[in-house]
S.K.: 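My questions all concern the structure below.
In the text below, chain A, chain B and the rest are named by the order of the sequence lines, each starting its count at 1.
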Amino acid sequence: MPAFTIATWNVNSLKVRLPQVLDYMAKNTVDVLCLQETKMTDEVFPEQAFIDAGLHVSFTGQKTYNGVAIISKLPQHDIQRNLPNFEDPQQRLITATISGVRIICAYIVNGQALESEKFIYKMNWLAALQNYLSDELKNHEKLALLGDFNIAPEDRDVHNPEKWEGCNLVSPAERAAFNDMIALGLVDSFRLFEQPEKSFSWWDYRQMGFRRNAGLRIDHILLTETLAKKCTACVIDKEPRRHEQPSDHTPVLTTIDI
DNA sequence: ATGGCAAATATGATTTGA
């Protein structure tokens, strides 16, 4: 059974990070890379750069904010942009089938603060995602949801849980939404394996967050039981975060025998 | 208690992110 590695990376502007993404695909055995926060319209998306590198790509974006893309070594089928059940000007989701695996790439809403309009939007968006997942699972036994969830599922996913208690990204309502996805039968692939203490996928640019390991684990790869059974590894690759001019997020990679 | 960094838009200061 060949190894199939899928990854997620919030690049915080693909314009700035394109060389790093191309370099990453060239130097790593990644079959599928889901990107978030491309921050560009489809008209200016660097599609040709990926094609020239022998890669397949699908994307949906907008000016300044949001935007998602899927990069893959093999062709993509049945590409779907946005949540079909949720009218949304913000470009936050793209789905494709690659090597028989349904890949959902999501940039879940940040939410800003619990009392804000943006938090209401976050919870509504999560409810629509839950419905969408429920539908997709009816048709796809092999499904993976990858992305920036903007949710730290447990206190051990937070560098300083006392200080963060009840805040946006860790609140009970958000964690309940995360657990609703688990209740659909999805598995957090990171927790299938022994992991180092204080493993995070995002670090604040300020106050030397990365050097102090003051981070959060908010980027996740969830798998259906069928894929989880054949999952052999999940790692956070901190190397790109050490790069000059890094994204504030670093890639998470999950390997499955398919 | 506050802002601190980075990117985009715009070309100075504001918004957003998490």
S.K.: Of the listed nucleotides (dA18(B), dA7(B), dG4(B)), which one gets closest to any side-chain atom of Arg206(A)?
M.R.: dG4(B)

S.K.: Does dA18(B) have OP1 or OP2 sitting under 4.0 Å from an N or O in the side chain of Asn110(A)?
M.R.: yes

S.K.: Describe the nucleic acid contact of Arg217(A) in one word from base, sugar-phosphate, nothing, applying a heavy-atom distance below 4.0 Å.
M.R.: nothing

S.K.: Rounding to a whole Å, what distance do you find between Asn12(A):CG and dT9(B):P?
M.R.: 13 Å

S.K.: Does a nitrogen or oxygen in the side chain of Arg17(A) sit under 4.0 Å from OP1 or OP2 of dA7(B)?
M.R.: yes

S.K.: Under the ring pair (Phe, Tyr, Trp, His ring centres under 6.0 Å) test, which residues partner Tyr24(A), sequence neighbours left out?
M.R.: Trp9(A)

S.K.: Say we look at dA18(B) and dG3(B): how far apart would their C1' atoms be, to the nearest angstrom?
M.R.: 15 Å

S.K.: Considering every strand and a 4.0 Å limit on heavy-atom distances, what is the contact class for Asn10(A): base, sugar-phosphate, or nothing?
M.R.: sugar-phosphate

S.K.: Just to confirm, is there a sub-4.0 Å distance from OP1 or OP2 of dA8(B) to any side-chain nitrogen or oxygen of Ser13(A)?
M.R.: yes

S.K.: Taking atom P in both dT2(B) and dA6(B), compute the distance separating them and give it to the nearest angstrom.
M.R.: 23 Å

S.K.: Report yes if at least one side-chain N or O of His249(A) is closer than 4.0 Å to OP1 or OP2 of dG17(B); otherwise report no.
M.R.: no

S.K.: Please confirm whether the shortest side-chain N or O distance from Gln245(A) to OP1 or OP2 of dA7(B) is below 4.0 Å.
M.R.: yes

S.K.: Using a heavy-atom distance cut-off of less than 4.0 Å, which residues of residues 149-157 of chain A contact DNA chain B?
M.R.: Asn150(A)

S.K.: Using only side-chain N and O atoms of Tyr205(A), determine if any of them is under 4.0 Å from OP1 or OP2 of dG3(B).
M.R.: no

S.K.: Using the rule that Ile, Leu, Val, Met, Phe, Trp and Tyr join whenever any side-chain heavy atoms are under 4.5 Å apart, tell me whether Ile221(A) and Ile70(A) fall into a single cluster.
M.R.: yes

S.K.: Distance check, P atoms only: dG4(B) and dT14(B), in whole angstrom units.
M.R.: 12 Å

S.K.: For the CD atom on Gln90(A), are there more than 12 heavy atoms of other groups (residues, nucleotides or ligands in this structure) within a distance under 6.0 Å?
M.R.: yes

S.K.: Check for me, please, whether Phe59(A) and Met40(A) land in the same ILVMFWY cluster - side-chain distances under 4.5 Å, paths through other members count.
M.R.: yes

S.K.: For DNA chain B, determine which residues of residues 116-126 of chain A have any heavy atom closer than 4.0 angstrom to one of its atoms, and list them numerically.
M.R.: Lys118(A)

